[in-house]
Amino acid sequence: MVVVELEGSISVEMTTGDSKPCKYTVMYEGERVAQYETSADPRTAGGRIGLRNIVCRHVSGVDKNAIDERLSTEISQNAEALSNEFGTR
């Protein structure tokens, strides 16, 4: 599992899914607010944007651009861990 910290008390747990390649769990203030499986890898633009949209949909008052920037940074900084979890792209 790879955990990325976003704005404030928002984090995303990324792991291999049961029915699809990627499983995301969005946590806010220690509570799970969203969980879904997708074939959209977070290292792709589409996967990152989809994840950003889920975070913004389930956590009110967050800035979409700030979440997008933070996701980009965290995904880049966790590239090796993501490759270990999801394999190479």
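Values below: every heavy atom of this structure, side chains too, minus hydrogens, waters and symmetry copies.
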Handout entry: Any side-chain heavy-atom pair of C22 and S39 under 4.5 Å
Key = no

Handout entry: Over all atoms of both residues, closest heavy-atom pair of T38 and K20
Key = O-CB, 3.5 Å

Practice task
Could you tell me whether the side chain of E37 and the main chain of G17 form a donor-acceptor pair under 3.5 Å?
Solution key: no

Exercise for the section: State plainly whether one hydrophobic cluster holds both I67 and V33, where clusters connect Ile, Leu, Val, Met, Phe, Trp and Tyr through side-chain heavy atoms under 4.5 angstrom apart. Expected result: yes

Completion exercise
Closest non-hydrogen atoms of M14 and L82, given as atom of the first, atom of the second and distance, are SD-CD2, 3.6 Å

Handout entry: S83 side chain to A79 backbone, donor-acceptor under 3.5 Å
Key = yes

Exercise for the section: Check whether any side-chain N or O of D63 sits under 3.5 Å from a backbone N or O of A66 as a donor-acceptor pair, and report yes or no. Expected result: yes

Handout entry: Flag, side chain of E13 to backbone of V2, donor-acceptor distance under 3.5 Å
Key = no

Practice task
Check the pair M27 / I10 against side-chain contact (heavy atoms from CB on, under 4.5 Å), numbers first and verdict last.
Solution key: CA-CA 6 Å; M27 305 293 289; I10 305 168; over 6 Å; no

Problem - E5 side-chain N/O to S11 backbone N/O, donor-acceptor pair under 3.5 Å - result: no

Problem - Distance, nearest 0.5 Å, that separates CE of M1 from NZ of K23 - result: 8.5 Å

Practice task
Mind checking side chain to side chain contact (heavy atoms under 4.5 Å, CB included) for R70 and listing every partner two or more places apart, or none if nothing turns up?
Solution key: L6, T73, E74

Exercise for the section: Show your reasoning for whether side-chain contact (heavy atoms from CB on, under 4.5 Å) applies to V55 and Y24. Expected result: CA-CA 10 Å; V55 170; Y24 304 131; over 6 Å; no

Exercise for the section: Check whether more than 12 heavy atoms from other residues, nucleotides or ligands sit under 6.0 Å from atom OH of Y28, and answer yes or no. Expected result: no

Exercise for the section: Find out if a path of hydrophobic residues (ILVMFWY) with successive side-chain heavy-atom gaps under 4.5 Å connects L71 to V26. Expected result: yes

Fill in the blank from the handout: Taken to the nearest 0.5 Å, the spacing of S76 OG from R48 CZ works out to 11.0 Å

Practice task
Determine the minimum heavy-atom distance between V59 and V62, stating which atoms define it.
Solution key: O-CG2, 3.4 Å

Practice task
Please answer whether the main-chain N or O of E85 pairs with a side-chain N or O of T16 as donor and acceptor at a distance below 3.5 Å.
Solution key: yes

Practice task
Indicate whether any N or O donor in one side chain lies under 3.5 Å from an N or O acceptor in the other, for T25 and Q35.
Solution key: yes

Completion exercise
Output for pair (E7 CD, C56 SG), nearest 0.5 Å, gives 8.5 Å

